[in-house]
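The block underneath contains the structure these notes are about, expressed in structure tokens.
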Amino acid sequence: MKALSSCSAFFLAFSRRDHTILISKNKNNRCSRLIISRHYMTASATTTTIQAEDSEDERRTRWHNEFTVNFLGPPHALASLSVGDTTIDGQITRLSSSPDLFLIRNHISSQMDRDSIKTGAIDNGMKLAGTTKSDENTVRKNSYLTWMNPYELLLSEECNQKKGVTPILLALLRSARSTFVHSTMNDLFDRGEYNYCMAEDVQVAKYDIGGMYNTHHDGYGRFLTVLTYLNGVGGTYFPFANNTSTNGATNTITCQREAELAAEGAGNSGLLVVGIEGIEAYNIGDDDYSNQTLPNNNTNITSDYSTVQIQPGDAVAFYNYNADGEKEWKSLHESRSVPREKWIVTNWFRSESLTGSLSSLYKASLLDEDET
Ligand SMILES: O=C(O)CCC(=O)C(=O)O
Ligand SMILES: [Fe+2]
């Protein structure tokens, strides 16, 4: 590590392969921002050949596109997968490149573990999810939530009653971090820079029949969502997920209004996660199916959107911010109204570099208040 000086702040620099990362430090020597090249979360390779005739803007754009790494995105082993490709162990398949969206088979492979999480959640007390701002809740319907901090559970007396679920939640958290968080963020975490990559308490959600959660962006600096289906009922729909190519045009969405985006995208593209309830349980756009399959037989393509069939214990992981530290709007998603009881457990990882101080955030209550 090499120290660089500055008037009000100084910087630490360290290299990882061909990338240089700068961390700005305030006077008290506490990290205030992760500055990686432009804005927050990009890194630059050390050399690049620029053609003389390129305009300054073109050069900058090309440099940015070719040599940026999104530390809020998937780690290298996953980032390099093309849509439809699966990791050597056969467990993780890329479902979309924009947003970065992956399917994980058998993420919680044991039915006993899945049942323990459900029981632990019930014991912990599940509350109706919804807004307090209006009588008619249009954001979520018929869904119940609880939050569990496995480390607190481990320490508290309650741990004795819940020791069934504590090790399972700890293992889930560790596996989500090691598999889906970029190694650079994990390195920062290991160095004690916890604010760049904080794991939230684990959320368990249950939807009764007719339960739903409207289209939304996970937001609040949650750069990574890992959502595991506990009883095999799906219904998660990503209206902007692409499933054709990793190298095609990027189709940047500039409009930032979620509802507008969802309306534009619904039925034209996207990916629907379907479980034991079956595809006919959901009616999205035109029901014009063509039964083609992507490599690995994971995805049935319809003319309008794709579906992926999950089993109990399977999970999806998706990334909510782009390399500039801005919201990746294509990660918008929803839970369609479900035809039978649905259980999920979710791990979120978020970064202070995206939201400023996170201490003032209030997780579920904040989500519900804001998304009215
Ligand atoms: O229930 C689902 O399928 C999606 C849940 C979700 O998006 C969330 O909890 O943020
Ligand atoms: Fe969500």
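Every number for a ligand or one of its atoms is a count from 1 in the order of the listing.
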Notebook entry, point to check: Is it the case that one hydrophobic cluster holds both Ile168 and Ile122, taking links as side-chain heavy atoms less than 4.5 Å apart, direct or via other members?
Noted result: yes
Next item on the list: Mark up the atoms of ligand 1 that fall under 4.0 Å of a heavy atom belonging to Thr236, in ascending order.
Entry: 2 (C), 3 (O)
Item checked: Numbered atoms of ligand 1 (with element) below 4.0 Å of Ile344, judged on heavy atoms -> 1 (O), 2 (C), 5 (C)
Item checked: Nearest atoms (heavy-atom pairs only) where Pro150 meets Thr166 -> O-CG2, 3.5 Å
Item checked: Tyr229-ligand 1 polar pair, N/O distance under 3.5 Å -> no
Check: Rounded to the nearest 0.5 Å, how far does CG of Asp100 lie from CG of Leu72?
Finding: 11.0 Å
Notebook entry, point to check: Is there a nitrogen or oxygen of Tyr213 sitting under 3.5 Å from a nitrogen or oxygen of ligand 1?
Noted result: no
Notebook entry, point to check: For ligand 1, is Leu227 a contact, meaning one of its heavy atoms is under 4.0 Å away?
Noted result: yes
Note to self: For ligand 1 and His216, I'd like to know whether there is a polar contact (N/O to N/O, distance under 3.5 Å).
What the structure shows: yes
Next item on the list: Quick one: which residue pairs count as a salt bridge (charged side-chain N to carboxylate O under 4.0 Å, His left out) with a foot in residues 309-318, not counting sequence neighbours?
Entry: Arg105-Asp314
Checklist line | Proximal protein heteroatoms (N, O or S) of the Fe ion (ligand 2), under 2.8 Å | finding: His216 NE2, Asp218 OD1, His333 NE2
Notebook entry, point to check: If you look at every heavy atom in Arg114 and Tyr229, which pair is closest and at what distance?
Noted result: CD-O, 4.3 Å
Notebook entry, point to check: Out of curiosity, does Val204 fall in the hydrophobic cluster containing Leu128 (side-chain heavy atoms, cut-off under 4.5 Å, transitive links)?
Noted result: yes
Checklist line | Modelled atom types, side-chain donor and acceptor of His182 and Asn70, under 3.5 Å | finding: no
Note to self: Closer than 3.5 angstrom, by distance alone: can the side chain of Tyr213 be matched with the main-chain N or O of Thr236 as a donor-acceptor pair?
What the structure shows: no
Next item on the list: Would you confirm whether Glu277, through its side chain, and Gly234, through its main-chain N or O, come within 3.5 Å as a donor-acceptor pair?
Entry: yes
Notebook entry, point to check: Does Asp218 reach ligand 1, in the sense of a heavy atom lying below 4.0 Å from it?
Noted result: yes
Next item on the list: Answer yes or no: does an N/O atom from Arg140 fall short of 3.5 Å to an N/O atom of ligand 1?
Entry: no
Check: How close do Ile276 and Asn231 get, heavy atom to heavy atom, and via which atoms?
Finding: CD1-O, 3.5 Å
Next item on the list: Can you sort out which atoms of ligand 1 are near Tyr207, meaning under 4.0 Å from one of its heavy atoms?
Entry: 1 (O), 2 (C), 4 (C), 5 (C)
Check: Sub-3.5 Å donor-acceptor pair from the side chain of Asp208 to the main-chain atoms of Gly211, do we have one?
Finding: no
Notebook entry, point to check: Which of the atoms in ligand 1, numbered in the order shown and given with their element, are less than 4.0 Å from a heavy-atom of Lys342?
Noted result: 1 (O), 2 (C), 3 (O)
Next item on the list: Check whether any N or O atom of Trp348, backbone or side chain, sits under 3.5 Å from an N or O atom of ligand 1, and answer yes or no.
Entry: no
